[in-house]
Number of protein chains: 2
Amino acid sequence: MGEKTRERVKRVAREIGFRPNALARGLLSKRSFTIGLLTNDTYGRFTLPVMAGVSEALVDHGVSVFLCAIEDDPALGQIHVDAMLDKQVDGIIASGKRLDRSLPVDLSNLPVPVVYAFTQGPPDSVTLRSDDAQGARLAVEWLVKLGRRRIVHVTGPESFFSVRERAGAYREIAGDEEPVMYGVWSEGWGHEAVAKIWSRSGKKPDAIFCGNDQIARGVIDALRERGIGVPEDVAIVGFDNWEIMAAQTRPPLTSVDMGLKALGREAGLTVLALAEGRPVETGVRKLPCHLVVRQSA
Amino acid sequence: MGEKTRERVKRVAREIGFRPNALARGLLSKRSFTIGLLTNDTYGRFTLPVMAGVSEALVDHGVSVFLCAIEDDPALGQIHVDAMLDKQVDGIIASGKRLDRSLPVDLSNLPVPVVYAFTQGPPDSVTLRSDDAQGARLAVEWLVKLGRRRIVHVTGPESFFSVRERAGAYREIAGDEEPVMYGVWSEGWGHEAVAKIWSRSGKKPDAIFCGNDQIARGVIDALRERGIGVPEDVAIVGFDNWEIMAAQTRPPLTSVDMGLKALGREAGLTVLALAEGRPVETGVRKLPCHLVVRQSA
DNA sequence: CTGAAAGCGCTTACAG
DNA sequence: CTGAAAGCGCTTACAG
């Protein structure tokens with residue numbers, strides 16, 4: 001093509017706003033520049049930041065994301081997986097709401113790479129998760145650094161892997177003078193825990209490390225009702241850094257952020273690498289949490 | 001093809017798990033069985049149920065959904081729109097977090113149909129939104145039916161269309177003895193409003209209709225701190241039916257649900273109809289809210 | 001270097 | 001009714 005013709009083609013293409021058809025392109029290249037994000041987290045508290053991270057990381061590479069919410073329904077999961085494969089996704093990210101539960105679909109032996117993010121993957125898969133132990137350490141060390149010496153841990157059900165991780169890290173630093181108080185993920189349990197602590201004899205804690213922000217909120221409310229000052233008398237740290245919850249407590253809540261957006265970003269880049277045939281180390285990769293300091297500690 | 005050959009082909013197809021390549025199919029049919037959902041609701045409180053509805057309605061039709069979170073960034077919005085068009089989406093659903101704000105991208109004159117759901121569309125578009133006036137009526141009528149006579153309305157900023165809609169409906173039923181209390185969407189404002197009401201002279205209300213669940217939560221907490229019984233002394237109704245908030249108030253909150261999942265379902269079916277060339281009435285279509293009765297009223 | 005052909009995996013229209 | 005060809009919109013490999 002002569003230089004002039006080339007220029008003219010380019011100009012016309014621009015004028016009529018020509019954009020290549022990605023379907024046709026994908027047919028040849030065996031790449032659809034599309035990935036699927038599978039999740040059973042309907043409420044979206046955890047998946048949403050993960051998704052935002054995935055999308056953010058991949059949009060620069062021209063990759064779009066199919067969102068597939070499958071509840072806990074295996075049949076629905078299968079339908080979505082089939083639909084994604086039919087549409088020739090370059091890869092799949094599986095995400096969820098619990099590190100120790102897997103999605104109700106079998107993602108092994110798929111013709112495309114799979115990355116697990118914030119959900120349990122099979123042994124030899126690529127799995128990304130937050131480092132809950134490190135996050136808990138951050139929280140407790142911060143309380144220690146503030147001079148707190150009697151730190152209590154009020155948390156969720158012991159059946160959760162992340163609860164055991166966090167409790168383990170708490171123990172490492174705080175010792176085992178105080179029993180870890182396992183309960184449920186609710187404000188109500190936070191209230192109840194405070195009632196229990198203050199009804200028993202002996203010295204009262206000067207800090208409470210809570211298993212999530214909802215519990216922390218219950219704890220803070222209960223302390224205020226008793227006229228106990230936060231953070232003067234008792235410092236509080238939560239977990240999740242659930243913005244809308246943490247910002248609304250009085251005082252605003254210091255909390256551990258699991259860095260789910262970064263986790264999503266990593267998941268996106270990793271599935272892309274696999275799709276392009278680049279080597280990726282298999283196994284569980286833990287990403288660091290960070291502490292968001294507000295006024296409760 | 002002979003009957004025997006046909007059977008054999010079918011059998012082998014089943015055995016090797018043959019599934020037609022949707023890309024190739026789309027190339028011919030001019031249908032990708034793919035739509036794009038554009039939203040600027042990062043937090044996802046409103047978009048998430050909409051999305052769940054869209055996905056639920058379309059999965060039966062083999063349609064997958066690209067989720068594009070564009071924040072309020074016009075450049076990012078354009079990138080996502082271009083990516084969707086390149087991938088030959090059959091249609092686009094625009095969604096957001098406010099009925100009276102439009103997304104920072106121009107979606108007119110696109111080669112594919114667009115439906116606006118819970119965000120403002122241009123005049124001649126297809127726009128779906130909740131019927132906030134009807135929802136507010138539901139709430140106030142319920143309070144009246146419970147025998148409440150002095151109903152106060154504590155709500156968000158008057159600059160919000162939905163605030164004015166809800167306040168208008170409240171006025172229709174409750175009259176204008178009590179001034180509507182405009183404020184912000186926070187628990188703090190709920191607290192403050194209660195302080196204001198109880199500091200002024202005259203009869204106290206026996207019911208408070210709140211503009212959203214966060215305000216309602218603040219109101220309920222403030223009333224409890226004053227020793228005022230909910231619902232005995234003052235009945236409370238919120239708006240949004242934000243499950244995790246409404247269920248955690250003490251007592252659990254009666255609230256207006258905007259039916260966003262149904263709205264999403266409608267949006268999905270509507271964009272599908274447009275994509276298939278079926279006629280759809282243009283203009284704003286309001287979908288009904290419903291009241292979720294818990295213990296606060 | 002330029003230009004035409006082949007082919008990705010399907011579906012549809014047509015010839016036999 | 002059956003079977004082969006054409007074509008969707010691209011990209012790549014090849015002949016001139």
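Treat the numbers as computed from the prediction; the structure is a model and nothing was measured. Computed from heavy atoms alone, side chains included, the values below leave out hydrogens, waters and symmetry copies. Chain letters run A, B, ... following the sequence lines, proteins first and then strands; every chain starts at 1.
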Nearest heavy-atom approach of B:Asp213 to B:Trp242 is OD2-N, 2.6 Å

Carboxylate-amine/guanidinium proximity below 4.0 Å for A:Arg25 and B:Asp86: no

Do any side-chain atoms of residues 63-73 of chain A form donor-acceptor pairs under 3.5 angstrom with protein atoms, and if so which ones, sequence neighbours left out?
from: A:Ser64; atom 1: OG; to: B:Lys87; atom 2: NZ; distance (Å): 2.8
from: A:Glu71; atom 1: OE1; to: A:Thr42; atom 2: OG1; distance (Å): 3.1
from: A:Asp72; atom 1: OD1; to: A:Asn40; atom 2: ND2; distance (Å): 2.9
from: A:Asp73; atom 1: OD1; to: A:Ala75; atom 2: N; distance (Å): 2.9
from: A:Asp73; atom 1: OD1; to: A:Leu76; atom 2: N; distance (Å): 3.3

Pairwise side-chain contact, [X] with [Y], heavy-atom cut-off 4.5 Å (strictly under):
X        : Y        : result
A:Phe46  : A:Leu99  : no
B:Lys97  : B:Arg45  : no
A:Phe33  : A:His61  : no
A:Asp240 : A:Met258 : yes

Side chain to side chain donor-acceptor pair (under 3.5 Å) partners for A:Glu266, two or more places apart: A:Arg285

Under 3.5 Å, N/O pairs linking protein and nucleotides 4-6 of chain C:
none

Heavy-atom contacts under 4.0 Å between residues 78-85 of chain A and DNA chain D, which residues? none

Write out a two-atom table: protein N or O, nucleotide N or O from nucleotides 9-13 of chain D, distance below 3.5 Å.
from: D:dG9; atom 1: OP1; to: B:Lys30; atom 2: NZ; distance (Å): 2.8
from: D:dG9; atom 1: N2; to: A:Ala24; atom 2: O; distance (Å): 3.3
from: D:dC10; atom 1: OP1; to: A:Asn21; atom 2: N; distance (Å): 3.1
from: D:dC10; atom 1: O5'; to: A:Asn21; atom 2: N; distance (Å): 3.2
from: D:dT11; atom 1: OP1; to: A:Arg25; atom 2: NE; distance (Å): 3.4

Dot-bracket notation for DNA chain D, counting Watson-Crick and G-U pairs under 3.5 Å, with | for partners on another strand: |||.||||||||.|||

Keeping the roles fixed (side chain from B:Asp90, backbone from B:Ile35), state whether a donor-acceptor pair exists under 3.5 Å. no

